Amino acid sequence: MKDNLLEIKNVKADVDGKEILKGLNLTIKRGEIHAIMGPNGSGKSTLCNVIMGNPHYTVTDGEILFEGENIVNLKVNERAKKGIFLSFQSPEEIPGITVDNFIRTSLNAVTNKNMPMLQFAKSMKEKMDMLDMKPEYRTRYLNVGFSGGEKKKSEILQMAMLNPKLVMLDEIDSGLDIDALRVVAETVRKLKTEDMSILIITHYNRILDYLEPDVISVLAHGRIVKEGDKNLAKELEKTGYESILDEVLS
Amino acid sequence: MKKTIVNDIDFSRYNIKNEVRYSYKTEKGLSKKIVEEISERKNEPKWMRDFRLKSLEIYESKPMPTWGVDLSQLDINSIVAYLSPDAKLKNSWDEVPEDIRSTFERLGIPEAEKKALAGVGAQYDSEVVYHSIKDNLAKQGVIFEDMDTALKKYPDVIKEYFMTKNVTPNDHKFAALHGAIWSGGTFVYVPENVKVEVPLQAYFRMNAPGTGQFEHTLIIADRGSEVRFIEGCSAPQYAVSNLHAGCVELFVKEGARLIYSTIENWSKNTYNLNTKRALVDKDGVIEWISGSFGSHKTMLYPASVLRGKGAKSEYTGVTFAAKGQHLDTGSKMIHLAPYTSSKVLAKSISKDGGITNYRGLLRIGPNAEGAKASVQCEGLMIDEISRSDTMPIIEVSNDNVDIGHEAKVGRISDEQIFYLMTRGLSEDEARSMIVRGFVEPVAKSLPLEYAVELNRLIKLELEGTIG
Ligand SMILES: Nc1ncnc2c1ncn2[C@@H]1O[C@H](COP(=O)(O)OP(=O)(O)OP(=O)(O)O)[C@@H](O)[C@H]1O
Ligand SMILES: [Mg+2]
C-alpha cells in the first residue's frame with residue numbers, strides 16, 4: 001500500500017475576500033493518477049493555486065499535508081523545491097529569457113546544484129524529441145509568441161526536466177490538436193515514475209483514455225462531491241454534472 | 001553567496017572614501033573671483049579666462065530649468081567648484097599616490113588598461129592624475145591627452161573647437177556653468193583613416209564631499225577614422241550633494257565612426273547634469289551606449305546632429321532608478337541632411353519608488369529627404385511605488401521619410417512572479433530574471449563586457465548579490 005503524498009484536509013480558501021474552496025478534502029497517494037473534473041468556475045484552478053501557494057489566494061482553514069508536512073505557510077518556491085509542479089492553464093510569457101536559460105536556472109534552483117552544460121543539453125534534447133519540439137525552441141523567449149499548444153508543450157518540457165513528485169496538469173489538453181494531445185499524454189506517461197503522482201484537471205475524456213486515472217473526483221461548489229474510478233468520466237459524459245449536483249445538494 | 005536586503009545594496013566597490021588631501025581648492029560657491037582663481041591656477045591663456053568669465057555671465061543670466069527633475073534642493077553656493085588633489089599628473093601608475101591608485105585599482109582600471117585598452121585617463125576630483133597611451137597609437141598620430149595639457153600643447157585646435165560650434169555656453173544654464181568652471185577631461189584626435197582597434201578609456205572619480213566635477217571631453221575623429229571611447233564615473237556616498245556637469249563634444253568627420261560608451265555610477269547624492277553632443281558629417285557614424293545607474297538626479301540627453309548626407313546615429317541606453325533617484329534621460333536625433341538615419345533603443349527600470357523618464361527628441365528637418373529613424377523606448381516598474389514615463393517628441397518637416405516609433409511602460413505582474421516562483425526561483429530572483437529579460441535586447445547589442453557589467457549591476461540592484 002502506497003503512502004499519501006498529498007492530503008488536503010477541510011481546506012477553505014478565499015480570493016479577494018470571496019470564498020472559493022469551502023472545506024475541501026482530497027488525498028493523493030504516491031504514484032497515483034488522480035483526475036479532477038467539474039463545472040467551469042467550480043474552483044479547480046483555485047485548488048491548484050492553493051496547493052502551489054499563490055499568495056493571491058488565502059487559506060482560511062484546514063491543512064495541506066505534503067509527505068506528512070503542513071505546507072500552508074511555505075513560499076511558492078519552497079513548495080517547488082519539495083517537488084510540487086503546476087502546469088498552468090495559461091502560462092505566462094517572459095520576454096528576453098530563453099527557454100534554455102529559464103529551465104537551467106529553474107533546474108538549478110529546484111535541485112540546488114548546477115547540472116553540467118553537456119548533460120543539460122543532452123537531457124533537453126531527449127525530452128524535446130519526446131515532445132516532438134524542434135530544437136529552435138531552446139533559444140526562443142519563454143512562451144513569447146508560442147501558440148496555445150506550444151505553450152502546453154513548454155510546460156510539459158519543464159515538468160520533464162524538473163522531475164517533480166507531484167505534477168498538477170491544469171487543462172493540459174485545452175488548445176492541443178489531436179496529434180499534439182497524444183504526444184503530450186504519451187510523454188507524461190513515459191515520464192511518470194512509480195513515485196510520481198499526477199493530478200489532472202480536465203473537461204474531456206480523451207486525455208483520460210491515454211493516462212488512465214486511478215481515481216476521478218468531481219469538484220463542485222468548492223468541494224469534492226463525488227469520487228469514483230475511471231468509469232466515472234464516461235458516466236459524466238453522458239449525464240453531465242447536473243444529476244450529480246442534484247444528488248449532492250438534495 | 002552573500003545576501004543582503006535589496007534596499008541596502010553593497011556598493012562597496014564604488015564607495016571607497018579616501019581622506020581628502022588637496023593641494024588647492026576654491027571657496028564654496030561661484031563668483032568671478034573663483035573663476036579667475038581657477039584660470040590663474042591653471043595658467044591659462046587670456047582667451048580661455050575671458051571665455052570662462054563670459055560663460056559665468058551667461059550662467060547668471062539664465063534661470064534654473066523648471067522641467068525634467070526637481071533642482072530646487074541643488075545649492076550651487078554650497079558646492080566647491082574646484083578641488084585639486086594632492087597629486088601631479090603621471091603616466092605611470094607607480095607614481096600615482098597610494099590611496100588614489102588603490103581606488104582606481106579597486107575600480108579595475110589599471111587591470112583593464114593592461115588587458116583591453118589602448119589608453120587611459122583617470123581624473124580624481126578636479127584634475128587628471130594619470131594619463132597614458134600606447135606607443136603605437138601615438139606613432140600613428142593619435143592624440144590622447146588630458147584637457148588641460150591639450151590646451152597648452154594644442155591651443156589653436158582647442159580654441160577652434162572648445163564650446164564654439166558644438167555645445168556652447170548659450171545652450172543652457174549648466175552648459176554655461178561648465179564653460180565657467182570646467183576642469184580636467186580628455187582630448188582625443190584621431191587622424192584621417194587611422195583605425196584605433198582597442199578602446200580608449202577615461203575614468204572620472206569624485207572623492208571629496210560637496211564638490212563638483214566639470215570635466216570636458218573633446219573628441220575629433222577625422223575623415224575615415226575609427227575609435228571607441230569608454231567613459232566611466234563613480235563617487236562614494238556622502239550626506240551632502242555633489243554636482244557633476246560635464247560636457248562632451250564629439251566631431252565625427254566624413255566617413256568616420258565613433259563609439260562612445262558610458263557606464264555612469266555616481267553615488268546617490270550626486271546631481272548629474274551632463275551635456276553630450278555629436279556633430280556628424282557625411283557618411284559618419286556615431287554610436288552612443290549609455291548606462292545610467294547612479295546619481296540622485298540626472299538630466300542627460302546625448303544629441304546627434306546628423307548634418308552630412310548619409311550620416312548615422314545609434315543610441316542604446318539603459319537607465320535604472322532605485323529609491324530616491326530620479327533619472328530623466330533620453331536621446332536627441334536631429335536629422336539635417338538627406339538619407340541620414342537614426343535608431344534609438346532605450347530601456348528604463350525603476351524600483352523602490354525610483355523614477356525614470358525617457359525624454360527624447362527626433363527632429364527631421366526639411367532637407368532630410370529619405371531619412372530613416374526608429375525610436376523604441378520602454379519602461380518597466382518593478383513594484384507599485386515606482387514610476388516610469390516616456391515622452392518621445394517627434395517633429396517631422398519632410399514627407400519623404402521612414403519613421404518607426406514605439407513607446408510603452410509596464411509593471412511586473414504578480415502572475416509573472418508567481419509563475420517563476422513555481423519553478424523554484426525566489427521572489428527576488430524572479431524579479432531579477434524578468435528585468436534581465438527586459439534589458440536583453442539592449443544587452444544583446446552591447447559589447448560582451450558591457451553586457452556582463454549590466455547583468456552584474458542588475459543582480460546587485462535586485463538580489464543584493466554579486467553573482
Ligand atoms: N484571481 C482571481 N480573482 C478573482 N476571482 C477569481 C480568481 N481566481 C478564481 N476566481 C474565481 O473563483 C472561481 C473559481 O475559479 P477557478 O478558476 O478555480 O475555476 P475552474 O474550476 O478552474 O474553472 P474552469 O473550468 O473554467 O477553468 C470563479 O468564480 C473565478 O471567477
Ligand atoms: Mg480552471
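Order of the sequence lines sets the chain letters (A, B, ...), proteins ahead of strands, with each chain counted from 1. The shown structure was predicted, so the numbers you read here are calculated from the model rather than taken from an experiment.
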* Could you grab the distance from atom NZ of A:Lys75 to atom CD of B:Glu427, nearest 0.5 Å is fine? => 8.0 Å
* Asked: Are the side chain of B:Gln416 and the backbone N or O of A:Ile94 linked by a donor-acceptor pair below 3.5 Å?
  -> no
* Step by step, work out the side chain to side chain contact (heavy atoms under 4.5 Å, CB included) result for B:Thr422 and A:Phe85. => CA-CA 7 Å; B:Thr422 66; A:Phe85 180 91; over 6 Å; no
* Report yes if the side chains of A:Asn77 and B:Leu425 come closer than 4.5 Å at any heavy-atom pair, otherwise no. => no
* Should the heavy atoms of other residues, nucleotides or ligands under 6.0 Å from NZ of B:Lys343 be counted, would the total exceed 12? -> no
* At a heavy-atom separation under 4.5 Å, does A:Pro91 approach chain B through its side chain, its backbone, both, or neither? -> both
* Asked: Does any heavy atom of chain B fall under 4.5 Å from the side chain of A:Tyr141, the backbone, both, or neither of them?
  -> side chain
* **Part of A:Glu93 within contact of chain B (heavy atom distance under 4.5 Å)** => backbone
* Asked: Between B:Phe418 and A:Phe88, is the gap from one ring center to the other below 6.0 Å?
  -> yes
* Asked: Crowded around B:Lys312 NZ? As in, over 12 foreign heavy atoms under 6.0 Å?
  -> no
* Please look at B:Tyr419 and chain A and tell me whether the side chain, the backbone, both or neither of the residue comes under 4.5 angstrom of a heavy atom of that chain. => both
* Asked: Within a radius of less than 6.0 Å around NZ of A:Lys192, do more than 12 heavy atoms belonging to other residues, nucleotides or ligands occur?
  -> yes
* Structure fact -> Taken to the nearest 0.5 Å, the spacing of A:Asn101 CG from B:Arg436 CZ works out to 6.5 Å
* **Residues, nucleotides or ligands: over 12 heavy atoms within 6.0 Å of B:Lys408 NZ** => no
* Asked: With a 4.5 Å limit on heavy-atom distance, are the side chains of B:Arg423 and A:Leu162 in contact?
  -> yes
* Asked: Take atom NZ in A:Lys81; do more than 12 heavy atoms of anything else shown fall under 6.0 Å from it?
  -> yes
* Check each atom of A:Leu107 against the heavy atoms of chain B and say whether the ones under 4.5 Å are side chain, backbone, both or neither. => neither
* Asked: Measuring from B:Met433:CE to A:Ser106:OG, what's the distance to the nearest 0.5 Å?
  -> 8.0 Å
* More than 12 heavy atoms from other groups under 6.0 Å of CZ on A:Arg104 -> yes
* Asked: Taking everything shown except A:Lys151 itself, do over 12 heavy atoms lie less than 6.0 Å from its NZ?
  -> yes
* Between B:Gly424 and A:Ala80, which heavy-atom pair has the shortest distance, and what is it? -> N-CB, 3.6 Å
* Asked: Do B:Glu440 and A:Ile97 have side-chain heavy atoms sitting under 4.5 Å apart?
  -> no
* Structure fact -> Of A:Asn112, A:Thr105, A:Thr98, A:Asn108, the largest count of non-hydrogen pairs under 4.5 angstrom with chain B goes to A:Thr105
* Asked: Is there side-chain contact between B:Ser413 and A:Glu92, with heavy atoms separated by less than 4.5 Å?
  -> yes
